[in-house]
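Scroll down for the structure; my scribbles are underneath it.
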Amino acid sequence: MNFYYDSFDTPLGLMEVTATESAVKSIYFVDSTKPKRPNSITQMTQVQLNEYFDSHRAVFTLPLDADGTDFQKTVWQALTTIPSGQTCTYGDIAKQIGNPKGMRAVGLANGKNPMTIVVPCHRVIGANGKLTGYAFGVDRKAWLLNHEGDTLF
């Protein structure tokens, strides 16, 4: 399987996209990148993320193929149902996937999300309404939520 890479600047720093011929494999904030080897999927991802940062896109239409456990994939799928500009709790996601006591497991899966922004793990907050961890920093999480219109943060 061939992998393709591209990186680009965003208001929150450098992002890198990894893809195959048919789907996005990961999207991360990075400090440095691999040599660029773009394809149509990495280019489409960059276009849609730039539209997001320019406030012209709230929903992504990218082919995704994240590696993870079945449980992680279930959590990540549930995250895609959180509308832009809204938040929910880890408990809400646990209930949604039929595991109401699985808040911690949801949190762990959230932290392993390989599709930052596109699979909106930043929209999940603590039961107390506070921002909790985000793999790329709580400041970025707050920026993303404010950008999407949730100005509580």
Side-chain angles (χ1 to χ4, degrees), residues 1-90 93 103-126 129-153:
M1 180 179 299
N2 289 322
F3 286 94
Y4 301 88
Y5 308 93
D6 205 355
S7 58
F8 56 100
D9 288 315
T10 74
L12 293 176
L14 190 62
M15 292 193 89
E16 181 177 82
V17 178
T18 303
T20 62
E21 287 93 359
S22 59
V24 178
K25 295 299 283 182
S26 66
I27 305 166
Y28 291 114
F29 287 105
V30 295
D31 294 324
S32 61
T33 62
K34 300 171 180 76
K36 291 185 178 189
R37 185 174 181 232
N39 71 353
S40 62
I41 302 293
T42 64
Q43 292 169 344
M44 180 179 11
T45 304
Q46 182 175 347
V47 165
Q48 289 192 23
L49 282 164
N50 283 331
E51 290 170 349
Y52 167 85
F53 283 113
D54 289 339
S55 298
H56 298 299
R57 177 176 291 277
V59 176
F60 295 92
T61 57
L62 298 166
L64 305 177
D65 184 23
D67 293 327
T69 67
D70 289 343
F71 179 79
Q72 289 170 332
K73 290 177 182 182
T74 299
V75 170
W76 300 336
Q77 181 60 44
L79 297 176
T80 66
T81 67
I82 308 167
S84 181
Q86 295 183 28
T87 57
C88 70
T89 67
Y90 297 96
I93 296 295
M103 290 90 62
R104 288 182 191 219
V106 166
L108 291 172
N110 218 35
K112 299 281 186 186
N113 172 21
M115 305 284 180
T116 195
I117 300 175
V118 173
V119 175
C121 58
H122 61 278
R123 295 180 189 153
V124 183
I125 60 173
K130 303 273 186 197
L131 293 185
T132 54
Y134 180 59
F136 303 104
V138 175
D139 289 344
R140 279 187 175 134
K141 183 174 188 165
W143 190 98
L144 291 166
L145 292 172
N146 286 326
H147 176 70
E148 292 177 357
D150 192 331
T151 55
L152 300 175
F153 306 101

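Given the structure is predicted, the values throughout are model-derived calculations rather than measurements. Reckoned from all heavy atoms, side chains included, excluding hydrogens, waters and symmetry mates.
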Report task. Let me see the working for Met15 and Tyr28 under side-chain contact (heavy atoms from CB on, under 4.5 Å), right down to the final yes or no. Result -> CA-CA 6 Å; Met15 292 193 89; Tyr28 291 114; over 6 Å; no
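- Contact check for Val124 versus Leu79: side-chain heavy atoms found under the 4.5 Å cut-off.
- The number of heavy atoms from other shown groups lying within 6.0 Å of CG (Asp54) is above 12.
- A 4.5 Å side-chain heavy-atom check between Leu62 and Val118 finds at least one atom pair inside the cut-off.
- Once rounded to the nearest 0.5 Å, the distance linking CG of Asn50 with OG1 of Thr10 reads 8.5 Å.
- Residue Asn2 qualifies as enclosed at atom CG: its count of foreign heavy atoms under 6.0 Å is above 12.
- No side-chain heavy atom of Ile125 sits less than 4.5 Å from a side-chain heavy atom of Lys130.
- Gln77 CD: 12 or fewer foreign heavy atoms inside a 6.0 Å radius.
- The side-chain contact (heavy atoms from CB on, under 4.5 Å) test with Leu64 singles out one residue from Thr45, Thr80, Val119, and that residue is Val119.
- You'll find the side chain of Ser7 reaches within 4.5 Å of the side chain of Lys36, heavy atoms only.
- Ser40 and Tyr4 share no donor-acceptor pair across their side chains, judged by distance under 3.5 Å alone.
- Between the CD atom of Glu16 and the CG atom of Asp6 there is a distance of 8.5 Å, given to the nearest 0.5 Å.
- Both the sub-6.0 Å distance and the 45° axial angle are not jointly satisfied by Arg37 relative to the ring of Phe3.
- Note that CD1 of Ile41 and OG of Ser22 are 6.5 Å apart. Values are rounded to the nearest 0.5 Å.
- Taking the six-membered ring where tryptophan is involved, the planes of His147 and Phe53 are tilted, since the angle between them lies from 30° to 60°.
- Rounded to the nearest 0.5 angstrom, Asn39 CG and Met44 CE are separated by 8.5 Å.
- A donor-acceptor contact under 3.5 angstrom links the side chains of Tyr134 and Thr116, judged on distance only.
- Side-chain contact between Asn110 and Trp76 is absent, with no heavy atoms from C-beta onward closer than 4.5 Å.
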Report task. Check the pair Cys88, Arg123 against side-chain contact (heavy atoms from CB on, under 4.5 Å), reporting the backbone distance first and the verdict last. Result -> CA-CA 7 Å; Cys88 70; Arg123 295 180 189 153; over 6 Å; no
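- In this structure, Arg57 and Leu49 have side chains that are not in contact, with every pair of non-hydrogen atoms separated by 4.5 Å or more.
- Ring geometry for Tyr52 against Phe60 counts as tilted: the plane angle lies between 30° and 60°, on a 0 to 90° scale.
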